[in-house]
Each structure stands twice: as C-alpha cells, then as structure tokens.
Amino acid sequence: MTDLGTSPDEVQFRFRDDEPADHGTVTVDACCDQTNATAVRIEPGDDARVLLPFLDRLALVEVNFPSFGDGRGYSAARILREAGYDGELRAVGDVLIDQLSHMRRCGFDAFAPDKPLDEGDARRALEGFGNVYQSAADARKTIQELRHE
Amino acid sequence: MYQYDQYDQAMVDARVEEFRDQAQRRLDGKLTEDQFKPLRLMNGLYLQLHAYMLRVAIPYGTLNSRQMTALGDIADKYDRGYGHFTTRQNLQYNWIKLEDAADILADLSKVEMHAIQTSGNCIRNISSDHFAGAAHDELIDPRPYAELLRQWSSFHPEFTYLPRKFKIAVIAAETDRAAMRLHDIGIQIVKNDAGEIGASFYVGGGMGRTPMIAPQIREFVPLDQLVTYAEACLRVYNRYGRRDNKYKARIKILVHEMGAEEYTRQVEEEFAHLLEQGVEPPLAELERIKPFFADPAFEDGPKSVDRSDPDFALWVDRNTVRHKHDSYVSAVISLKPVGGIPGDATGDQMRLMAKLAKQYSFDELRVMHTQNIVLPHVKIADLHALWTELEAADLGAPNLDTIEDIIACPGLDYCALANARSIPLAQRISENFAKNGRTEELGQLKLKISGCINACGHHHAGHIGILGVDKKGTENYQLSLGGSEAEDVSLAKITGPGFDEDGVIKAVETVTDVYLEAREDGERFLDTYRRIGMTPFKEALYD
C-alpha cells in the first residue's frame with residue numbers, strides 16, 4: 001500500500017507502482033469528444049461502456065461516489081477491467097472503510113476519499129476476508145476454484 | 001443437508017469479526033449512524049419501535065436439530081424467550097440489545113448460521129420449496145442450486161449497494177410452494193426437450209406497494225451458466241434500476257418501465273459478455289454440493305394410520321403431506337394455535353421441535369413461508385407418537401392452509417413502518433372461526449394480513465387479503481380477494497372501502513358466507529371467487 005497521505009490530488013491509498021497521472025479529469029462526454037484526454041471522471045449515471053473505444057489513451061479513470069449507498073460505480077469498474085483497461089481506476093467521493101474491500105475486488109486500485117480514512121481501520125477492512133465466493137476483477141481464486149484444484 | 005467446510009466457516013467467522021469492528025467504530029464515533037445503518041442492516045440488525053430486531057438467515061428454509069436448538073437457546077439467553085419465523089423462511093428476534101449483537105452472531109456461527117444479508121439493499125437469503133427433497137411432485141431437489149446461489153450472492157462485491165433489496169427463490173416442481181413469481185428473481189429448475197436439467201428465469205416479481213407477477217425472461221439456462229445468468233440479471237439492475245425514489249427502486253419497476261422484452265435483451269447482451277469473462281463456478285462445485293442433499297435411508301413400513309382417535313385423524317388429514325416415499329409423509333407443525341401470534345415459537349418449543357426432528361425426521365426441519373415448521377421425512381408409523389408430543393406442547397393445531405393458518409406481519413406491535421396492527425387481528429379472526437366451527441368446512445383458504453403497504457404479510461397473494469392503513473390517525477383495514485402465491489399466481493383485488501377492526505372481522509365472515517352459499521363441488525374459496533367474480537362479494541359487503 002503506497003500511502004500518499006493528503007497530497008494535492010488527495011489520493012490516500014494507491015496500489016500501483018507507476019507514476020500517478022496528472023489529475024485534470026474530464027467528463028465522459030468531453031472524453032469522447034476530445035482526442036487527447038487521458039483522464040476521465042465517471043459519474044453514477046454515466047455508461048462506462050462509452051469509454052471502451054478510448055481505453056488505450058486513458059491513464060486514469062475516476063469513478064465518483066457522491067453517496068456510498070449508490071453502487072453503480074462497482075459495475076462501472078468491473079466493466080472497464082473486463083474490457084482490459086489496466087490504467088489507474090480511482091474511487092473518489094464518499095468512499096468509506098467498509099466499502100474498500102469490495103471496491104478492490106471490482107478493480108479499483110486507488111482511493112481518494114472525501115475524508116481521509118483511519119489507516120489501521122482500512123488495513124483491517126482490506127485484510128479481513130481471507131477468501132472470496134465469486135470471481136470479480138481481481139485475480140483471486142474463488143473458494144469454489146480452491147475446492148476443486 | 002449442507003455442511004460448511006473450512007472455507008464457509010472462515011467466511012462466517014470473518015464476518016462476525018468484521019461486525020464487531022464496525023460496532024466498535026460506531027461506539028468510538030468513527031462511524032455516523034447513517035454510515036453504520038447499512039452495515040448493521042447487512043448483518044440483519046434493524047431498529048424497530050421498541051428495540052433492535054435481529055433477523056437470522058435460514059438458507060432455503062432448511063435447518064438441523066442442532067441449529068434449531070441454538071435458535072431456542074438464543075431466544076432464552078438474549079431475547080424474551082421466543083422468536084418469530086418469517087415469510088422468507090427466516091427467524092427474527094424482536095428484543096435484542098445492540099451490545100449483544102456480535103455475541104449472538106458468534107453463537108450462531110458455532111452452528112453454521114449467520115445473519116448475513118438478511119437486510120440491506122443486497123441479495124437476501126435465498127428461499128425455496130419447504131418440501132424440497134421430500135415432495136412427490138418435484139423434478140429434483142432445488143436446494144443444491146439454491147446453495148450454489150447462496151455462495152455466489154454472499155459478500156458479492158458488485159451487488160452490495162443495489163438500488164433496493166433483492167430476493168431470489170428457487171423451486172423445482174410445477175407446484176409452487178415458494179411464491180416464486182413474486183420474487184425479484186424466481187428460478188424454476190426444469191428439464192428441456194433434450195432431457196437436460198436447467199433453469200427457467202422469471203424476473204421482476206414482488207409484492208410491496210406495487211405488486212407484480214414476474215414475467216419469464218429465459219426459458220432455459222444451462223446449469224453450467226446459472227450463476228453467470230443471475231449475474232447478468234443483477235448487473236443490468238444495478239446499473240439501471242431507479243435510485244431517485246426508494247419506492248420505485250425494486251427490479252419489478254425497472255422491468256415494468258423498460259418492458260420485459262428490452263430488459264431481457266439487455267440481460268442477454270450482458271450474459272453473452274459475461275460468458276467470456278468466466279465468472280461461473282466450476283460445475284464440479286454443484287456436484288460437490290448435491291450429495292449433501294441426497295435422500296436419507298428411507299425404510300418401508302406401514303402406509304396408513306389408526307384413525308380411531310378423531311383428533312389425531314383430523315391432524316393427519318390436515319397437517320401431513322404426501323411424500324415421495326409411500327411409507328413417509330411431511331408433517332407440518334402449525335405455529336398458528338387459535339388466538340396465538342402467527343409464526344411465534346418459544347425457546348422450549350424450538351428445542352422440542354429440534355428433538356422431534358432428530359427422533360422422527362432424519363434430523364431435519366424446514367421453515368415454511370407461511371410461518372410454520374415442517375418435519376420433512378416422518379414415518380407414517382411414527383405419526384401418532386409425534387402428534388402426541390406436539391399436542392402436549394401446544395404445537396398440534398390441525399389447521400394447515402385453513403383460515404386459521406394466517407400469515408401476518410409483525411405490524412404496529414413491533415414494526416416502525418406499520419400503520420396498523422396485524423397480530424391482534426389474526427388472533428381474533430382465528431378465535432372467531434375456531435368458535436363458529438367453520439374452519440374445516442371452509443377448506444383451503446389462505447388469509448394474509450399486512451400492517452402496511454410494504455406487504456410483508458403477503459396480502460396481495462391471499463385468497464383473502466387484509467391491508468392495514470392509517471386513516472386520519474385510526475387503524476383502517478382494506479379487504480381484498482382473489483390473490484394466490486402458488487402456481488396459479490394472481491394478485492388480489494380490493495373489495496371497496498375499508499373497515500375498522502371489528503368491521504373487517506365481520507367482513508371476513510361475510511365473504512366466507514358468500515363462498516359457502518355459492519360454491520360448487522370441490523371448489524376452494526379462490527376457485528369460487530374466480531368463477532363468480534367480485535360482484536356477489538361486494539353486494540354482500542356493502543349493500
């Protein structure tokens with residue numbers, strides 16, 4: 001876990017080794033119109049699939065969670081990873097401790113919570129479950145796969 | 001029945017620890033109540049009118065005697081000595097202290113139980129046919145498929161913050177004993193023309209304030225694509241289900257507004273995509289699960305009972321159901337004693353039912369969505385001994401599927417959402433019919449009572465339904481007729497203006513009078529209603 005603290009782009013946790021992209025995200029609509037945009041921000045109502053033709057040029061996708069109870073961003077993240085996107089996928093907004101592990105499973109590898117999270121609580125939340133019941137965007141073997149190896 | 005391996009146990013144990021940590025962070029002020037609420041809900045903990053309520057999951061309604069005993073012990077140790085079996089085959093404790101919740105979850109985990117996802121906007125406990133594995137008319141036991149889906153839906157990372165709660169039922173008989181088409185997803189395990197087993201998907205059913213019967217969206221999903229198809233159904237819902245209005249957020253509204261055809265098209269597109277992603281568990285997993293549900297060692301024995309005791313004979317006629325082995329029956333333990341609270345059982349009764357299950361039913365019990373308990377495999381030769389013990393514990397009411405076998409939600413006696421009381425009404429109606437002696441004459445008559453528009457008491461699906469509403473500060477009850485949750489599924493229609501408590505009790509009597517007057521040979525109340533229509537009932541009620 002690379003702890004960037006509350007750096008200017010407010011990314012608190014990042015699980016990547018590459019250099020963070022310049023912030024400057026544009027909306028999904030703008031991203032489709034501009035041929036040079038490399039960072040985009042998805043809002044809950046946006047269709048992540050409209051970005052699929054542009055994944056090659058994107059280095060950062062932010063998925064905004066205006067409210068933690070709105071789970072559309074989880075599907076957006078998986079859809080991007082399923083399409084082969086391997087750039088930074090950053091959850092921003094109302095990102096809380098108890099959503100971190102599900103977000104990781106859906107393919108998020110950076111987190112910029114509105115309010116910084118307690119580091120110890122975050123670590124415990126991410127390490128709590130040793131195994132998983134279903135395949136998702138991470139590479140973890142499922143319990144069913146482990147049972148039948 | 002299914003038993004945990006080390007993985008299942010570790011998942012449940014991890015959840016107990018996670019909840020302890022969450023509760024501690026709430027106490028430390030690191031979580032606001034708004035942030036804590038969905039977390040406690042996903043562990044089955046509600047705040048009701050007077051106390052916390054804890055809802056325990058009973059996957060597909062199946063449990064063993066050790067688990068039933070533990071439920072009884074928890075009722076005594078942490079609650080007021082009783083629990084309440086629900087219309088989704090679960091159990092609720094109504095008087096729980098927040099500080100005890102984590103300890104209760106730990107006690108549950110010792111008997112392979114939990115309260116995971118019994119509330120919250122996530123995939124809830126999977127329900128099924130309460131006679132699964134015993135029914136004479138089923139294709140195969142549906143529970144292995146329900147178990148596969150239980151695992152898939154537990155802690156699903158993408159579907160934990162859905163627009164609204166999500167309920168799945170799985171059956172494998174033409175006779176629907178699980179209200180399958182009134183679920184968000186109803187699955188019927190079927191055989192196709194080639195003789196292969198697969199799943200029919202029905203999506204977008206539900207009760208609540210906008211009742212809908214789920215349309216079939218796929219006739220046959222091969223078994224090695226079952227989870228993938230469910231995942232596609234959920235993803236379309238998670239992305240496009242409404243989130244602007246809680247009352248329009250269930251998948252039934254999406255399917256209705258989008259149209260079943262368009263919803264199906266999108267699901268099929270997502271399904272084709274997900275097939276390439278390889279999200280399906282290995283088929284070997286289903287083969288691992290199946291033996292847990294293999295038939296116990298049935299033995300041939302007597303096929304009839306001594307009917308010299310009329311009370312016993314009545315109970316046998318009313319409360320036992322044909323079994324696939326002709327020396328056995330499924331015996332229903334009614335939790336509807338006359339004047340009692342539908343679905344309630346004391347700690348002592350739970351322990352007794354556990355003991356009887358061990359003695360007479362291969363250690364297995366089922367919870368029915370009608371809030372009764374089934375001993376699925378009882379030797380006909382053992383019925384008298386079983387009945388004698390049930391009678392002594394006030395568990396021998398011979399009223400399965402009669403007008404006394406009322407489904408009722410907790411209502412205003414417990415529930416913060418309720419507009420009116422349900423329980424006292426159920427008590428008075430059952431007392432009334434026990435007194436006037438008509439119960440037996442009326443035959444099958446499903447009466448269902450909800451204390452508010454959310455319809456937890458399934459009033460839309462009652463042959464007679466009662467909905468409690470608030471009318472200028474007083475409780476008022478709307479009567480409806482003609483609903484069914486079974487394979488002949490239909491939604492009840494309101495008779496007209498509502499009644500006060502005494503008035504609705506009288507009205508129930510009136511409509512049963514109309515039925516008795518008009519019925520033809522072999523007709524149930526529902527059949528007569530369907531034949532003669534609403535008018536004669538209306539005339540008797542309002543003219």
Side-chain angles (χ1 to χ4, degrees), chain A residues 44-49 52 65-79 81-84 94 96-108 115 117-118 120-122 124-125 127-138 140-149, chain B residues 5-8 10-11 13-15 17-18 21-22 25 28 30-31 34-39 42 120-122 148 150-163 227 231 234-241 243 270 273-274 276-289:
Chain A
D46 291 334
D47 179 3
R49 288 208 162 101
L52 299 191
F65 289 84
S67 154
F68 75 90
D70 188 333
R72 286 177 282 188
Y74 295 86
S75 289
R78 272 189 80 185
I79 284 167
R81 291 303 190 204
E82 285 164 1
D94 195 16
L96 306 169
I97 294 290
D98 296 284
Q99 286 76 50
L100 290 177
S101 68
H102 284 345
M103 286 179 170
R104 281 290 285 147
R105 295 219 61 216
C106 287
F108 288 103
K115 288 183 194 148
L117 306 176
D118 183 293
D121 290 343
R124 266 202 311 285
E127 291 167 358
F129 286 82
N131 285 296
V132 295
Y133 272 128
Q134 54 297 96
S135 60
D138 51 2
R140 293 169 82 172
K141 273 192 181 159
T142 66
I143 286 171
Q144 294 84 358
E145 286 165 340
L146 293 168
R147 279 174 179 149
H148 300 285
E149 274 191 329
Chain B
D5 65 0
Q6 78 270 22
Y7 295 111
D8 296 310
M11 292 300 275
D13 291 344
R15 180 62 151 208
E17 286 318 304
E18 182 187 53
D21 187 59
Q22 290 164 346
R25 277 185 281 128
D28 293 346
K30 288 179 176 172
L31 284 173
D34 279 350
Q35 292 167 343
F36 181 58
K37 186 177 169 188
L39 305 176
M42 270 182 261
N121 294 335
C122 51
L148 193 70
R150 179 194 73 82
Q151 294 180 24
W152 161 74
S153 60
S154 296
F155 318 108
H156 198 295
E158 186 177 339
F159 306 134
T160 297
Y161 296 94
L162 295 168
V227 164
E231 185 125 338
L234 263 297
R235 178 174 285 178
V236 174
Y237 171 56
N238 190 44
R239 299 185 75 206
Y240 297 112
R243 292 172 189 264
E270 196 68 62
H273 162 73
L274 285 169
E276 288 168 17
Q277 298 298 319
V279 299
E280 190 74 24
L283 198 55
E285 177 60 11
L286 196 53
E287 297 309 317
R288 184 190 72 91
I289 293 169

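In what follows, every chain begins at residue 1, and chains take the letters A, B, ... in the order their sequences are listed.
- The pair R49(A)-E270(B) meets the salt-bridge criterion, since a charged nitrogen lies less than 4.0 angstrom from a carboxylate oxygen.
- For chain A, no part of E276(B) is nearby; none of its heavy atoms comes within less than 4.5 Å.
- There is no contact between D28(B) and chain A, counting heavy-atom distances below 4.5 Å.
- Proximity to chain B is absent for every atom of T142(A), based on heavy atoms less than 4.5 angstrom apart.
- Contacts between N238(B) and chain A at a heavy-atom distance below 4.5 Å involve backbone atoms as well as side-chain atoms.
- Proximity of Q6(B) to N131(A): side-chain heavy atoms (C-beta onward) are nowhere separated by under 4.5 Å.
- With a 4.5 angstrom heavy-atom cutoff, A10(B) does not touch chain A via any of its atoms.
- With a threshold of 4.5 angstrom between heavy atoms, R124(A) approaches chain B through side-chain atoms but not through N, CA, C or O.
- Counting only N and O atoms by type, the side chains of Q144(A) and Y7(B) include no donor and acceptor under 3.5 Å apart.
- Contact of Q151(B) with chain A is made through backbone and side chain together, with heavy-atom distances under 4.5 Å.
- At least one donor-acceptor pair under 3.5 Å links the side chain of Q134(A) to the backbone N or O of S154(B).
- Salt-bridge check for D46(A) with R239(B): failed, with every basic side-chain N at 4.0 Å or more from each acidic carboxylate O.
- With a 4.5 angstrom heavy-atom cutoff, D47(A) touches chain B via backbone and side-chain atoms both.
- Looking at E17(B), neither its backbone nor its side chain comes within 4.5 Å of chain A, counting heavy atoms on both sides.
- The part of R25(B) that comes within reach of chain A is its side chain, from C-beta onward, which places non-hydrogen atoms under 4.5 angstrom from that chain.
- Of the atoms belonging to L148(B), not a single heavy atom falls under 4.5 Å from chain A.
- For D21(B), the part sitting under 4.5 Å from any heavy atom of chain A is the side chain, from C-beta outward, and nothing else.
- For D98(A) (side chain) and L39(B) (main-chain N/O), no donor-acceptor pair under 3.5 Å exists by modelled atom type.
- The shortest distance between side-chain heavy atoms of Y133(A) and S153(B) does not fall below 4.5 Å.
- Heavy-atom distances place the side chain of L274(B), and not its backbone, under 4.5 Å from chain A.
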